[in-house]
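See structure below.
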Amino acid sequence: MRFSRGRNFLFRVPEGEELLKFINEFAKKNNVLIGTVSAIGTLKNPKIGYFDEKNQKYMVIELRGTYELVSLTGNISIRDGEPFAHVHVALGDSKGVLYGGHLIEGEVFVAEVFIGELLGEPLERKPQKSGLTLWDEVRI
Ligand code: ZN
């Protein structure tokens with residue numbers, strides 16, 4: 001899929017907000033239908049997921065306490081007619097040990113977020129047999 005660059009957003013999320021929810025609401029409010037997301041900061045009590053292919057669902061890893069949001073990377077596309085952020089994170093503990101996975105939720109202590117809008121044809125997530133919602137595969 002080919003896109004051109006649209007608007008760029010760089011902002012700090014208010015403390016106490018749920019990060020994923022805030023990114024989705026920000027995208028909806030600013031009408032960002034397709035884009036890239038990245039962030040750094042600090043999260044409290046984050047929940048991350050590992051997709052269990054056999055059981056077709058996410059195993060939830062609940063982390064307690066405060067973690068460095070070492071890296072957040074993801075994208076925004078359309079699911080059920082609305083912008084939807086798919087986000088993965090690397091989270092560091094007090095020893096610098098990393099946990100990683102699919103972000104389910106996390107309370108913001110600090111979050112500095114970049115969203116780069118992409119303009120072009122709609123890119124939509126569709127339910128798959130695997131239980132995931134994915135884009136059509138590209139044909140080259
Ligand atoms: Zn994921």
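Note that these values count all heavy atoms, side chains included, but never hydrogens, waters or copies made by symmetry. Both counts, for ligands and for their atoms, begin at 1 and track the order of listing.
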| request: Side-chain contact test, heavy atoms from C-beta onward, threshold under 4.5 Å: evaluate it for Asp52 versus Tyr58 and give yes or no. | output: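 The answer is no, as the side chains (C-beta and beyond) never meet within the 4.5 Å cut-off.
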| field | Residues Tyr50, His102; criterion side-chain hydrogen bond (donor to acceptor under 3.5 Å, both in side chains); working and verdict | value | CA-CA 6 Å; Tyr50 172 89; His102 174 100; over 6 Å; no
| field | Pairwise ring-ring contact (aromatic ring centres under 6.0 Å, His included) hits with a residue in residues 104-140, at least two apart | value |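 As it turns out, there is no ring-ring contact (aromatic ring centres under 6.0 Å, His included) pair with a partner in residues 104-140 once direct neighbours are skipped.
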| Partner of Leu91 under side chain to side chain contact (heavy atoms under 4.5 Å, CB included), chosen from Leu72, Leu63, Val97 |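 Exactly one candidate clears the test, Leu63.
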| Residues Glu117 and Arg5 bridged, charged N to O under 4.0 Å | no
| Is Phe3 atom CZ crowded by more than 12 heavy atoms from other residues, nucleotides or ligands, each under 6.0 Å away? |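 Correct, the count exceeds 12.
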| field | Residue and atom names of protein N/O/S atoms that fall under 2.8 Å from the Zn ion (ligand 1) | value |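 For the Zn ion (ligand 1), the protein N, O and S atoms that sit under 2.8 Å away are His86 NE2, His88 NE2, His102 ND1.
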